[in-house]
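Counting convention: from 1, in listed order, for ligands and their atoms alike. Nothing fancy with the numbering, it's 1 onward along the sequence.
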Amino acid sequence: MTRLSAVKGDITKLEVDVIVNAAAPDLLGGGGVDGAIHRAAGPGLVAQCRTLGGCDTGDAKITGGYRLPAKAVIHTVGPIWHGGDHGEADLLASCYRKSLALAQQYDLKTIAFPAISCGVYGYPIGEAVDVAVTTIREHLEDSTLDEVILVAFNDEILSAYERGLAG
Ligand code: AR6
């Protein structure tokens with residue numbers, strides 16, 4: 001039985017098998033959680049990312065964790081919010097599905113997600129939480145993962161996750 005929970009904190013500090021990065025399509029780092037992950041992992045991470053040839057929106061790619069406590073990083077590119085009728089929900093769901101599938105493929109048992117697309121990319125947190133929780137729960141019906149953690153960087157996001165998990 002896979003546990004699904006929400007915690008408040010900094011994803012770069014978590015001792016899980018894999019953390020997910022809300023990356024840019026070039027996978028070469030940026031601001032927000034992406035910047036924090038690259039700073040904490042050190043230069044080995046961007047060096048490996050340079051070999052990956054970028055990543056499409058809704059897709060995911062895996063690297064080592066370098067100096068992070070996590071063993072690996074899954075880099076996924078969320079959609080930019082353009083009002084909600086440009087396929088944003090399908091693309092965001094694809095980020096969660098592809099990331100969970102990669103974790104399973106690499107036999108990683110514990111995975112932590114940030115609120116993909118909810119910073120610079122402008123996705124409304126309540127709607128993003130609905131997509132995240134629904135997609136993760138669908139995946140968990142047939143999963144070898146032990147634990148999925150939704151990481152909130154502030155109280156507003158934590159409350160949204162708690163509402164989503166209770167619903
Ligand atoms: N731990 C957990 N969550 C965090 C952390 C952290 N250390 N830092 C920020 N967040 P964003 P996006 C939360 O903007 O919207 C980058 O420049 C933050 O509060 O990081 O998918 C990339 O290179 C927010 O809720 O990602 C891309 O260009 C969430 O992480 C672009 O931004 C996601 O915010 C991706 O934008």
Note to self: Tell me the closest heavy-atom pair linking L27 and K61, and the distance in Å.
What the structure shows: CD1-CD, 4.3 Å
Protein contact to [atom] [nearest heavy atom, distance to 0.1 Å]:
atom	value
atom 29 (C) of ligand 1	A115 O, 3.3 Å
atom 23 (O) of ligand 1	D34 OD2, 2.7 Å
atom 19 (O) of ligand 1	F153 CB, 3.6 Å
atom 14 (O) of ligand 1	V120 N, 2.8 Å
atom 20 (O) of ligand 1	V33 N, 2.8 Å
atom 31 (C) of ligand 1	Y121 CE2, 3.5 Å

Next item on the list: Report yes if some heavy atom in the side chain of T76 is under 4.5 Å from a heavy atom in the side chain of K98; otherwise report no.
Entry: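 No; the side chains remain at least 4.5 Å from each other.
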Would you say [X] has any N or O atom under 3.5 Å from an N or O of ligand 1, going by distance alone?
X	value
I11	yes
G122	no
A22	no
G119	yes
N154	no
T12	no

Margin query: As an exercise, state the distance from CG of L91 to CH2 of W81, rounded to the nearest 0.5 Å.
Written below: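 Answer for the CG-CH2 pair, L91 versus W81, is 11.5 Å.
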Margin query: Walk me through whether N21 and I74 qualify under side chain to side chain contact (heavy atoms under 4.5 Å, CB included).
Written below: CA-CA 6 Å; N21 182 17; I74 290 171; over 6 Å; no
Taking [Y]'s backbone N and O only, do any of them form a donor-acceptor pair with [X]'s side chain (distance below 3.5 Å, no angle check)?
X	Y	value
D146	T110	no
T2	L140	no
T51	Q48	yes

Notebook entry, point to check: With a 4.0 Å cut-off on heavy atoms, is S117 touching ligand 1?
Noted result: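 Within the 4.0 Å threshold, so yes.
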Check: Hey, is G9 one of the residues with a heavy atom under 4.0 angstrom from ligand 1?
Finding: yes
Notebook entry, point to check: Is the shortest distance from a Lys or Arg side-chain nitrogen in K8 or D155 to a carboxylate oxygen in the other one below 4.0 Å?
Noted result: yes
Check: Are V18 and V148 in one and the same hydrophobic cluster, where Ile, Leu, Val, Met, Phe, Trp and Tyr link if side-chain heavy atoms are under 4.5 Å apart?
Finding: yes
Just which atoms of ligand 1 are under 4.0 Å from any heavy atom in [X]?
X	answer
G30	17 (O), 23 (O)
G31	16 (C), 17 (O)
C118	15 (O)

Next item on the list: Can you figure out which of I157, V7, D10, L27 has its heavy atom closest to atom 7 (N) of ligand 1?
Entry: D10
Notebook entry, point to check: In this structure, are over 12 heavy atoms from other groups packed under 6.0 Å from E15 atom CD?
Noted result: no
Margin query: Under the rule for salt bridge (Lys or Arg N to Asp or Glu O under 4.0 Å), what residues qualify as partners of E138, not counting sequence neighbours?
Written below: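 None.
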Next item on the list: Indicate, as side chain, backbone, both or neither, the part of I125 found under 4.0 angstrom from ligand 1 when only non-hydrogen atoms are considered.
Entry: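 For I125, there is no contact with ligand 1 at all, from either part.
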Next item on the list: Dump the intermediate steps for side chain to side chain contact (heavy atoms under 4.5 Å, CB included) on E147 and K109, then the final yes or no.
Entry: CA-CA 7 Å; E147 185 167 23; K109 299 292 187 193; over 6 Å; no
